[in-house]
Number of protein chains: 2
Amino acid sequence: MRISDVARHAGVSPSTVSYVLSGKRSISDTTRRRVLDSIDALGYRPHAGARSLASRRSNVLALVVPLREDVHVPVAMRFAVSVVTAARAHDHDVLLLTQGEGPAGLHRVAGSAMVDGVIVMDVETEDARVPVLRSLDLPSVLIGVPADTEALTCVDLDFAAAGAACVHHLADLGHRDIAFVGQPASVYERRTGFAERTLAGFEAAARERGVRATSHPCDPAAARTLAAELVRDRPDLTGLIVHNEPSLAPLLEALADHGRTPPETSVVALGSLPPGVAELTRVELPAEELGARAVALLMDRIDGPEHPEVTLLEPRIILGESTAPPVRPD
Amino acid sequence: MRISDVARHAGVSPSTVSYVLSGKRSISDTTRRRVLDSIDALGYRPHAGARSLASRRSNVLALVVPLREDVHVPVAMRFAVSVVTAARAHDHDVLLLTQGEGPAGLHRVAGSAMVDGVIVMDVETEDARVPVLRSLDLPSVLIGVPADTEALTCVDLDFAAAGAACVHHLADLGHRDIAFVGQPASVYERRTGFAERTLAGFEAAARERGVRATSHPCDPAAARTLAAELVRDRPDLTGLIVHNEPSLAPLLEALADHGRTPPETSVVALGSLPPGVAELTRVELPAEELGARAVALLMDRIDGPEHPEVTLLEPRIILGESTAPPVRPD
DNA sequence: CTGAAAGCGCTAACAA
DNA sequence: TTGTTAGCGCTTTCAG
């Protein structure tokens, strides 16, 4: 079943069939209809290899997914799914590359023309893949922002603004003593962009508002202990910002155990939230939108001149029932 | 940079370069060396599209990942990663298909010769994709076992045996009244193979051993409540089998709150366990091995005659500190 | 053990 | 608006 079979069946030339499929030149309505009818009468599907050989386009893009212990897997999956969905909307498929393959994977898919572009997730501030990407002559988009964005296209949530927005919300309510519960320590140690920037935004805003503020890296396993310590050691603490999805549930439980069910202590959640905490005041991670944007930007780079740019999405704070003016001893 | 450039550089014909790369005919050591040297002197990489056009092999396989709310995402990710890793070891790449695309995705990648085979995860007892797969003339392997395995190649953990092994372990220790904490109810409703079979294995073994046994679908959000109910309503209950990863932590905490820290109540965990519960008695899900097996079987089907077969891996129970002979009132 | 050459199925000039 | 045709870069007969 080849293009020439379709052409014969429709009584046109192979190139006409090709043009009907690609839309790269105008075709009379009658011809188009005849061709399309033949295509689905015969169940024709173009051979992807032949197409990529002739057109120098594979209609596939590569997605590099992170694989670390400390990345929150459901978030990674949300990104991956949104990238696949968006890619399909642009008539592309997605090849899965794992972090583990490192630069070799990028060289392979680029060198053999398997993909038209790459999307890289979980970018670190000093990311070893960035120089590889620059050397590769393959369109790419990063989800995340490294230190040096020269000649790079990046999309991300404006995490600094997100961290700050949480502080401002609490400060506006009158809180004067707050704490930031962050990602596991290893995430900061490897200088993951989003974690660093959130913390920086938190600290800057707290300084600006004159709020007493501390920050605490946190593991899910240590969440209950941390909550207990905060309640014990920080009697004036009235607000908590939690930037750690899997620790959220144990933290809330521990607070409840100490009689500090929100908004007794105010809690703002930041990140990709599980169902069942919908009522919290929060800044959500727009993973679907980020994935879709990344794909859209990549498509622009694939068939257009390069527009290096950094896109930061504005955070939206959603008011829930977990924050309120502080309840103070005085 | 094409194969003819390499050929010229090495002073041989293009076909010789091709044969050096594919190993499909014998080449003298000197020639081989010269060719390989030229290849990496020039940094040559074969064009994937050209190769797939000429050889009718894409060296890519498709992986259909589940996307449901009720699948435990980290488990799905473990499978995906192990499939990618194993595929790479067989010189294949992996194209990501989402459940959402349904049969259309399978038709597309098969019809356009994008992939040499498919691996399908999260198979249901009556799975709509199975007839599609049968009609497709594309080698496939299922991770999971549907009701009708005619002409299918499947791999899975022997979940029935796993459920039974947990019962036998507790019965051997002397427990006479146990409960099974299962997956969310929706997982049984859509008749997911592994969940059904585990429960069936549990029930059969309990009957065989004459142990009083009940089973309880469970959501992570309801885990604490369930634990409290079991403690309250089942005074003679001494053993628990937990087949629900995300509910494990809240269950254990709730047991502890009621003074029933294992092995005060014996607990056997079944599934993909998070780090930090390593000391539990458990049957682990060998996701890496299953992924690798699936790929190996697929490779066999791709370049060999069909060998439909169902491979069930033996469960291994790992003895930890969460089980002990029952502490009874008598 | 090695070469020559005929495609694989499609796209995109070029021509009409 | 449509057709003709020369490749795209590789694999694999067929010949030697």
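Quick note on labels: first sequence line is chain A, next is B, and so on, each numbered from 1. Just so we're clear, the structure is a prediction, and the values are computed from it rather than from any experiment. These numbers come from the heavy atoms of this one structure, side chains and all, not from hydrogens, waters or symmetry mates.
Residues forming a side-chain hydrogen bond (donor to acceptor under 3.5 Å, both in side chains) with Glu126(B) (at least two apart in sequence, or on another chain): none.
Heavy-atom neighbours of Arg129(B) CZ from other residues, nucleotides or ligands within 6.0 Å: above the threshold of 12. Heavy atoms from other residues, nucleotides or ligands lying under 6.0 Å from CG of Asp303(B) number more than 12. Summarising the local packing, CZ of Arg33(A) is surrounded by 12 or fewer heavy atoms from other residues, nucleotides or ligands at distances under 6.0 Å.
Mapping heavy-atom proximity under 4.0 Å, the span of DNA chain D touched by chain B runs 5' to 3' from dG9(D) to dC14(D). Taking 4.0 Å as the cutoff to heavy atoms of chain A, we find the contact window on DNA chain C bounded by dG9(C) to dC14(C).
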Please output the side-chain donor-acceptor pairs of residues 141-155 of chain B that fall under 3.5 Å, not counting sequence neighbours, one pair per line with the distance.
residue	atom	partner	partner atom	Å
Asp148(B)	OD1	Glu150(B)	N	2.9
Thr153(B)	OG1	Arg301(B)	NH1	2.9

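A heavy-atom distance below 4.5 Å is found between the side chains of Ser272(A) and Arg78(A).
Applying the salt bridge (Lys or Arg N to Asp or Glu O under 4.0 Å) definition to pairs two or more places apart or across chains, those involving residues 99-115 of chain B are Arg88(A)-Glu101(B), Asp93(A)-Arg108(B), Glu101(B)-Arg108(B).
The shortest non-hydrogen separation linking Arg197(B) to Leu312(B) is NH1-CD2, 4.2 Å. In this structure, Ser58(A) and Ala113(A) approach most closely via the heavy-atom pair CB-O, 3.8 Å. Contact detail for Gln99(B) and Pro66(B): the closest heavy-atom pair is NE2-CA, 3.6 Å.
Residue contacts for Ser15(A): at a heavy-atom cut-off of 4.0 Å it reaches a base atom on one of the strands shown. Among the atoms of the strands shown, only primed sugar atoms or phosphate atoms (P, OP1, OP2) are found under 4.0 Å from some heavy atom of Thr31(B).
Taking every heavy atom of residues 35-57 of chain B and every atom of DNA chain C, pairs under 4.0 Å involve Leu53(B), Ala54(B), Arg56(B), by number.
Residues Ser26(A) and Pro14(A) each lie close to DNA chain D; by heavy-atom proximity, the contact nearer the 5' end of the strand is made by Ser26(A).
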